[in-house]
Chemist: 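The structure under discussion is supplied below as structure tokens; questions concerning it will follow.
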Amino acid sequence: MKNDFRKLKRTIILQIIITLFIAAAIGLLINNILIDGILQAPFADWFTQLIQNVFDVDFYAAQMTYMNLFQRNKPLWLAIGFILLLLIIFYITLSRFTLYFKQMNQGIHMLAEEQQAEFNLPPELEFMEKNLNTVKDRLAKRARDAQEAEQRKNDLVVYLAHDIKTPLTSVIGYLSLLNEASDMPQQQREKYTKITLEKANRLEDLINEFFDITRFNLQTIVLEKSPINLSLMMMQIADEFYPLLAEKGSSAAIHADDHLMIEADPDKLARVFNNVFKNAIMYSDEDSTIDINIKKTDDHVMIEFTNFGKTIPSHKLQSIFEKFYRLDESRSSHTGGAGLGLAIAKEIVLAHNGQITAESENGTTVFTVTLPS
């Protein structure tokens with residue numbers, strides 16, 4: 001940007017210098033033509049005759065007046081002519097500079113009005129034209145992304161609101177049966193109680209997702225760091241997910257050095273690994289293994305979650321960490337969340353000055369969390 005403005009400054013200075021030279025050249029040319037050049041005699045005759053007619057003087061008095069005004073004051077007339085020409089040319093040049101500002105102002109106005117037309121500025125302002133078009137494209141993309149995110153959120157809120165009715169209706173129905181049928185067999189009562197508890201837990205999950213939607217938009221992440229044994233944390237998380245792994249006949253394999261310590265917020269980091277791990281399990285093949293590799297270097301730690309299943313298309317990988325984005329849009333909220341898990345994981349990782357990425361190829365998907373060590 002600075003180089004572009006220097007270039008524009010040099011262009012303006014060059015135009016001013018050229019203006020001065022043109023004014024000087026025209027002034028000298030007029031002086032040479034009217035006073036010392038080929039038009040001297042006609043001009044002198046015309047001026048002498050004009051003096052005679054206007055002031056009613058003789059030829060010699062009129063000729064003397066011409067000599068006193070022009071022949072003896074050549075430098076003065078040259079200066080006057082030069083100044084007049086300079087003012088005229090400077091006005092023309094200034095009008096051109098003013099046009100630059102008008103066009104830039106028009107471009108900024110179009111930007112403020114969010115008009116879709118491309119900006120077209122003079123060649124001297126090419127850098128400004130590129131910048132304005134770049135800003136316009138970025139603002140348009142942000143507006144589209146915000147609109148898409150808002151639409152996804154609205155759709156998911158509708159899905160969640162609808163799905164809340166299902167477990168709530170079941171909970172009320174089974175509790176009513178338990179309340180009304182006091183002589184219900186114990187085995188049947190236990191069965192209904194178990195179903196009611198499952199539906200109540202599902203209802204709690206859905207309500208928590210509503211809270212997540214609100215917190216994700218309003219809450220600023222504040223970290224409370226402390227030393228963490230990363231290897232031990234990962235083993236504990238794997239144990240917590242054992243029931244979910246067992247349902248699919250899958251397992252988790254952790255490859256890490258013992259007592260691998262980092263400085264981080266344990267609660268929030270656990271949420272990152274929970275979200276990534278759960279996502280890996282949900283989209284992995286049955287009877288497969290989730291590989292978790294933890295590698296430490298001098299300045300950072302890499303945690304890789306590798307699962308084997310359907311390849312994620314590249315265009316979906318670019319959006320997988322966006323809020324309210326769900327990888328499988330056809331899934332209902334009975335089986336999928338609000339699409340906040342990976343988005344929240346990304347926010348927490350960024351708050352730790354780390355990064356999270358995803359790669360998927362040939363049925364192998366790898367989520368990599370990189371944290372400073």
Side-chain angles (χ1 to χ4, degrees), residues 205 208-209 212-213 215-216 221 223 225 228-248 250-256 260 262 264-286 288-296 300-314 316-328 331 333 335-361 363-373:
D205 291 339
N208 287 335
E209 288 186 356
D212 280 338
I213 291 173
R215 284 198 297 266
F216 187 78
I221 297 177
L223 301 180
K225 294 185 178 182
I228 300 174
N229 187 325
L230 195 58
S231 307
L232 180 60
M233 173 184 278
M234 200 59 65
M235 291 178 184
Q236 292 173 343
I237 291 173
D239 288 340
E240 292 174 3
F241 278 102
Y242 175 77
L244 188 59
L245 288 166
E247 286 182 8
K248 302 186 69 172
S250 300
S251 61
I254 301 174
H255 310 280
L260 201 163
I262 63 170
D265 187 313
D267 294 333
K268 292 182 174 61
L269 200 58
R271 184 168 188 179
V272 171
F273 297 146
N274 273 314
N275 290 343
V276 176
F277 199 178
K278 183 178 180 181
N279 187 82
I281 295 172
M282 295 295 293
Y283 293 98
S284 64
D285 292 334
E286 294 185 357
S288 62
T289 300
I290 310 295
D291 286 322
I292 304 173
N293 292 282
I294 305 177
K295 306 173 185 177
K296 188 177 187 302
H300 65 270
V301 175
M302 294 178 59
I303 304 98
E304 295 180 346
F305 295 81
T306 303
N307 69 280
F308 305 94
K310 187 177 179 180
T311 301
I312 302 175
S314 58
K316 289 190 175 183
L317 280 177
Q318 298 174 3
S319 305
I320 201 170
F321 296 106
E322 294 179 4
K323 60 180 178 179
F324 311 120
Y325 182 85
R326 299 169 72 190
L327 182 60
D328 188 353
R331 294 167 65 95
S333 56
T335 54
L340 287 170
L342 293 179
I344 293 175
K346 180 181 178 180
E347 293 297 321
I348 295 173
V349 171
L350 290 177
H352 282 84
N353 296 319
Q355 62 177 351
I356 182 170
T357 59
E359 299 177 357
S360 186
E361 187 177 8
T364 301
T365 300
V366 182
F367 283 86
T368 303
V369 178
T370 304
L371 298 168
S373 58

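The first residue of the sequence shown is numbered 1, and numbering continues consecutively from there.
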Chemist: Test of understanding: with ring pair (Phe, Tyr, Trp, His ring centres under 6.0 Å), list the residues that count as partners of Phe367, not counting sequence neighbours.
Modeler: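 Residues passing ring pair (Phe, Tyr, Trp, His ring centres under 6.0 Å) with Phe367: none at all.
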
Chemist: Roughly how far, to the nearest 0.5 Å, is the OH atom of Tyr283 from the OG1 atom of Thr365?
Modeler: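 Separation between the atoms: 11.0 Å.
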
Chemist: Identify the heavy atoms of Glu304 and Val366 that sit nearest to each other, and give their distance.
Modeler: CB-CG1, 4.2 Å

Chemist: Could you check whether atom CD of Glu359 has more than 12 heavy atoms from other residues, nucleotides or ligands sitting under 6.0 Å from it?
Modeler: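 No, the 6.0 Å shell around CD holds no more than 12 heavy atoms from other groups.
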
Chemist: Does NZ in Lys248 sit with more than 12 non-hydrogen atoms of other residues, nucleotides or ligands closer than 6.0 Å?
Modeler: yes

Chemist: Would you compute the distance between atom CG of Asn279 and atom CG of Leu342 and round it to the nearest 0.5 angstrom?
Modeler: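 Answer for the CG-CG pair, Asn279 versus Leu342, is 4.5 Å.
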
Chemist: If you round to the nearest 0.5 Å, how far is CE of Met282 from CG of Asn307?
Modeler: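 If I round to the nearest 0.5 Å, the distance is 12.0 Å.
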
Chemist: Tell me, please, which residues at least two apart from His300 pass side-chain hydrogen bond (donor to acceptor under 3.5 Å, both in side chains).
Modeler: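 If we apply the side-chain hydrogen bond (donor to acceptor under 3.5 Å, both in side chains) test to His300, skipping adjacent residues, the hits are Thr297.
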
Chemist: Using atom types as modelled and distance alone, determine if a side-chain donor or acceptor of His352 lies under 3.5 Å from a backbone N or O of Asp265.
Modeler: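 Yes; judged by distance alone, with no hydrogens or angles, the pair exists.
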
Chemist: Just verifying a value: how many Å separate Thr370 OG1 and Lys295 NZ, rounded to the nearest 0.5 Å?
Modeler: 10.5 Å

Chemist: Taking atom NZ as the centre, does Lys296 end up with more than 12 heavy-atom neighbours from other residues, nucleotides or ligands that are less than 6.0 angstrom away?
Modeler: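 Atom NZ in Lys296 is packed in, count exceeds 12.
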
Chemist: Do the side chain of Lys268 and the main chain of Ala351 share a donor and acceptor less than 3.5 angstrom apart?
Modeler: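 No.
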
Chemist: To the nearest 0.5 Å, how far apart are CD1 in Ile303 and CD1 in Ile254?
Modeler: 12.0 Å

